[in-house]
Chemist: 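Below you'll find the structure I mean.
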There are 2 protein chains.
Amino acid sequence: MANIQEIARLAGVSTATVSRVINQHPYVSDLTRERVLKIIGQLDYVPNYNATSLKKGATRSIGIIAVDYNSLLMSLVRSFHTIAQQSGFNTMLFMTNGECSKELVALEMLRSRQLDALFCLVRTNEWNIIESYTRYGPIVTWQRLTSDSIPSVFMDQYQGYMLSLEYLYSKGYRKILNVFSSKGLNTLERIRAYRDFIQMHGLKDSGFPQFHNKMSIYDGEEIAQWWIKQTDKPEAISCSTDEVAAGILMELQRAGFTVPDDVGIMGFDNTDIAHLLDLTTIHYPVDKQAENAFAVIKSMLDQSVPKLHSLAFNLIERRST
Amino acid sequence: MANIQEIARLAGVSTATVSRVINQHPYVSDLTRERVLKIIGQLDYVPNYNATSLKKGATRSIGIIAVDYNSLLMSLVRSFHTIAQQSGFNTMLFMTNGECSKELVALEMLRSRQLDALFCLVRTNEWNIIESYTRYGPIVTWQRLTSDSIPSVFMDQYQGYMLSLEYLYSKGYRKILNVFSSKGLNTLERIRAYRDFIQMHGLKDSGFPQFHNKMSIYDGEEIAQWWIKQTDKPEAISCSTDEVAAGILMELQRAGFTVPDDVGIMGFDNTDIAHLLDLTTIHYPVDKQAENAFAVIKSMLDQSVPKLHSLAFNLIERRST
DNA sequence: TTGTATGCGTTATCAC
DNA sequence: GTGATAACGCATACAA
């Protein structure tokens, strides 16, 4: 494979000049530039990126960490990739599948300078582990987290969940079942929203069990089975994700129930499946969150001040409520 | 950041010895090894991977190219990642979203030695473009392709589609509508399977229009609308993907029709959504395909002979037929 | 506007 | 067993 020296030799210039041409430096005469570019073209030469990275001390690539995929996360990934690309950064996606070791692969790549930064959508390892890697480069998360070494671009789920609950209330639902996802600060905020909600409207607590750690279609199916067995049934179910809502809806329909006549169902995230099944849900601007994440990383990389979007939730009314 | 020289200095040895320790070479006395490892630990030292890659002329990382995500592709990605990791290779995922430029990012990374090889699940650029990059490293695809520079781990869709059609026939369906996906060799094989199928059973061609390039939920919804309008309706619909089948099913149910009483629907791929909606579908071993892909790449990288799995289709009967 | 020389952090080939 | 030292391919400070 051709290298910069060969180009220099063939073009009858020094490697420094070739390098200048490649990096679009000023102060190269048009004539020599032409000549160098011609040889580069002829030899199909590309700079060895490993050498460049070594020399520059940066790779201009950013890792994105997720546990698994779903349409919401993929929108985030897509937006982040696009905005990063515009600033000349590549992204690489790490799907940890919930395995700590897979997440550590990404973390270690940051440590060994293969990555300049990390955007951690959903973590697997404990925060203190991840935090210990911030000394090797910027790490920004999408999850709710209060840390001074790991900035977060989360959106306050309290507001979003309250929006959902208030809407259900306005439609006349009173006995509401909450389905929460993984135990994190987001969930705590949603719980707080529910507490405030029943207090504000002078409702008494439903006495329904707490569903936690439910986020998949399969979880939804289980919850539907629970619902079917109850004598004192919830009038509406406010779900952690559209997937859970989808699972509930389909399982209930299979069992002969009708939505929203028998029970109202609210999704969350406004993903494709919510559209497919006509689920009322909560939309929020993940694209802006992705852009904010990149802005924060960029600013940490070149110690500037980030310019951020402000963010808001939105209710999408469909036919499940 | 600490480098190998600093470690050498502090341990009172040469960089060569440190390198030997790091790379687990034999012929290092236990005593010096201890001493070096201790300093490495103290300074939290990691080799700069860019330097290693530069020196070795390889990065031990492989790119995976996909257009978008769905559960089928993600199973492939997951399996490939896992098997690659076991051999000490990292993977990076490129979601092209159908944009040629995004795919070129991956291709160019191969060219500039950031990647040792590529696993192209679904291409975006023309094959001849992709083919021109094979001189920079192994490229293996999951799509059906006959090329001597790009090996493929596809499965013969003729068999799979025939399995679907024969099953429908056995259930008594005769007037079958085909929904095909993007115009590729896979689709051609499915078309061929259908031709052979009607001929084998002495059926006459349905005269239904050809649906091509249909692969999403939304496409399915459109097809459902078409179905509703027909007077001479297909008795069954054999779909290109589970997503299409899902779109059709839900749209028909919204319009008051019943599946499988009014029409039978077959999915393809056996993804999560097929489970969710109880779709009869065709399963096939993507995990084995991923392992084959890696085996081929590995063998091209160290010019050995790959050991491959043999592969077969499987029908999953559910309630949509 | 161009060239020389040096260093980025490793690995590997010698020699000892 | 261990240590010099020469690459790997590029970018840049300094000279000219």
Side-chain angles (χ1 to χ4, degrees), chain A residues 1-37 39-40 43-61 88 108-116 136-137, chain B residues 1-37 39-40 43-61 88 108-116 136-137:
Chain A
M1 295 264 198
N3 59 22
I4 204 173
Q5 304 199 36
E6 193 170 347
I7 304 296
R9 190 169 51 76
L10 262 49
V13 296
S14 72
T15 61
T17 300
V18 177
S19 178
R20 287 194 191 95
V21 170
I22 292 167
N23 296 292
Q24 328 225 28
H25 278 265
Y27 306 124
V28 180
S29 80
D30 289 354
L31 204 70
T32 49
R33 188 199 314 284
E34 293 287 307
R35 211 166 55 235
V36 170
L37 286 176
I39 305 288
I40 287 181
L43 293 208
D44 185 32
Y45 164 77
V46 215
N48 182 319
Y49 206 87
N50 297 121
T52 307
S53 297
L54 172 60
K55 185 68 194 161
K56 292 210 173 141
T59 58
R60 288 191 87 76
S61 52
E108 283 298 325
M109 283 178 74
L110 180 66
R111 186 154 98 103
S112 60
R113 292 106 175 156
Q114 290 181 82
L115 258 25
D116 289 350
Y136 308 118
Chain B
M1 296 264 198
N3 59 21
I4 204 173
Q5 304 199 36
E6 194 171 347
I7 304 296
R9 190 170 50 76
L10 262 49
V13 295
S14 72
T15 61
T17 300
V18 176
S19 179
R20 287 193 191 95
V21 171
I22 292 167
N23 296 290
Q24 327 224 31
H25 277 263
Y27 306 123
V28 181
S29 80
D30 290 355
L31 204 72
T32 49
R33 187 198 316 284
E34 294 289 304
R35 209 164 58 236
V36 170
L37 285 176
I39 304 288
I40 287 181
L43 293 209
D44 185 33
Y45 164 78
V46 215
N48 181 320
Y49 206 85
N50 297 122
T52 307
S53 297
L54 171 60
K55 186 65 193 166
K56 293 212 172 142
T59 58
R60 289 191 86 77
S61 53
E108 283 298 325
M109 284 178 74
L110 180 66
R111 187 153 98 105
S112 60
R113 293 117 179 140
Q114 291 181 80
L115 257 26
D116 289 349
Y136 308 118

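Every chain is numbered from 1 and lettered A, B, ... according to where its sequence line falls, protein lines coming before strand lines. Here the structure is a predicted model, which means the values were calculated and not measured.
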Chemist: Look at the side-chain N and O atoms of B:Asn50 and state whether any lies under 4.0 Å from the OP1 or OP2 oxygen of C:dG9.
Modeler: no
Chemist: Can you pull every protein N or O that's under 3.5 Å from an N or O on nucleotides 2-6 of chain C?
Modeler:
from	atom 1	to	atom 2	distance (Å)
C:dT2	OP1	A:Ser29	OG	2.9
C:dT2	OP1	A:Thr32	OG1	3.0
C:dT2	OP2	A:Ser29	N	2.7
C:dT2	OP2	A:Thr32	OG1	3.0
C:dG3	OP2	A:Ser14	N	3.0
C:dG3	OP2	A:Ser14	OG	3.3
C:dG3	OP2	A:Thr17	OG1	2.7
C:dG3	N7	A:Arg20	NH1	3.4
C:dG3	N7	A:Arg20	NH2	3.4
C:dG3	O6	A:Arg20	NH2	2.4

Chemist: Restricting to side chain to side chain donor-acceptor pair (under 3.5 Å), what partner residues turn up for B:Thr15, sequence neighbours left out?
Modeler: none
Chemist: Can you tell me the distance, in whole Å, between the CD atom of B:Glu6 and the P atom of C:dG9?
Modeler: 10 Å
Chemist: Please find the pair of heavy atoms, one from B:Ala8 and one from B:Ser14, that lie closest to each other, and give the distance.
Modeler: CB-C, 3.7 Å
Chemist: Enter the distance from B:Asn23:CG to B:His25:NE2 here, rounded to the nearest 0.5 Å.
Modeler: 5.0 Å
Chemist: Whole-Å distance between C:dC8 C1' and A:Lys56 NZ?
Modeler: 13 Å
Chemist: Could you give me the stems involving DNA chain D, meaning stretches of three or more consecutive Watson-Crick or G-U wobble pairs whose two defining distances are both below 3.5 Å?
Modeler: C:1-16 with D:1-16
Chemist: Taking all heavy atoms of A:Gln114 and all of A:Ser61, pick out the closest pair and write down the distance.
Modeler: O-OG, 3.4 Å
Chemist: Sequence neighbours left out, what passes side chain to side chain donor-acceptor pair (under 3.5 Å) with A:Asp44? Give chain and number order.
Modeler: B:Arg111, B:Arg135, B:Tyr136
Chemist: Using every non-hydrogen atom in the two residues, find where A:Arg60 and A:Asp116 come nearest and quote the distance to one decimal.
Modeler: N-OD2, 2.6 Å
Chemist: Could you measure the distance from the CD1 atom of B:Ile22 to the CD1 atom of B:Ile4? Nearest 0.5 Å is fine.
Modeler: 4.5 Å
Chemist: For the atom pair CD (B:Glu6) and CE (B:Met1), what is the distance rounded to the nearest 0.5 Å?
Modeler: 12.0 Å
Chemist: Tell me which donor-acceptor pairs under 3.5 Å the side chains of residues 45-53 of chain A have, and how far apart each pair is, sequence neighbours excluded?
Modeler:
from	atom 1	to	atom 2	distance (Å)
A:Asn48	OD1	A:Asn50	N	2.8
A:Asn48	OD1	A:Ala51	N	3.3
A:Tyr49	OH	A:Thr59	O	2.9
A:Thr52	OG1	A:Asn48	O	3.2
A:Ser53	OG	A:Tyr49	O	2.9

Chemist: Measure the distance from CG on B:Leu43 to C1' on C:dG9 and round it to the nearest whole Å.
Modeler: 15 Å
Chemist: What integer distance in Å separates B:Met1:CE from C:dG7:C1'?
Modeler: 18 Å
Chemist: Can you give the first and last nucleotides of DNA chain D, 5' to 3', that have an atom under 4.0 Å from a heavy atom of chain A?
Modeler: D:dG9 to D:dA13
Chemist: What nucleic acid atoms does B:Tyr45 come within less than 4.0 Å of, heavy atoms only: base, sugar-phosphate, or nothing?
Modeler: sugar-phosphate
Chemist: Tell me whether the OP1 or OP2 atom of C:dG9 has a side-chain N or O from B:Asn48 closer than 4.0 Å.
Modeler: no
Chemist: Assign B:Val21 to base, sugar-phosphate, or nothing according to its heavy-atom contacts below 4.0 angstrom with the strands shown.
Modeler: nothing
Chemist: Would you name the heavy atoms of A:Leu110 and A:Leu115 that are closest together and state the gap between them?
Modeler: CD1-O, 3.4 Å
Chemist: Any chance you could measure B:Ile40, atom CD1, to B:Leu10, atom CG, to the nearest 0.5 Å?
Modeler: 11.5 Å
Chemist: NE2 of B:His25 versus C1' of C:dT11: gap in Å, rounded?
Modeler: 8 Å
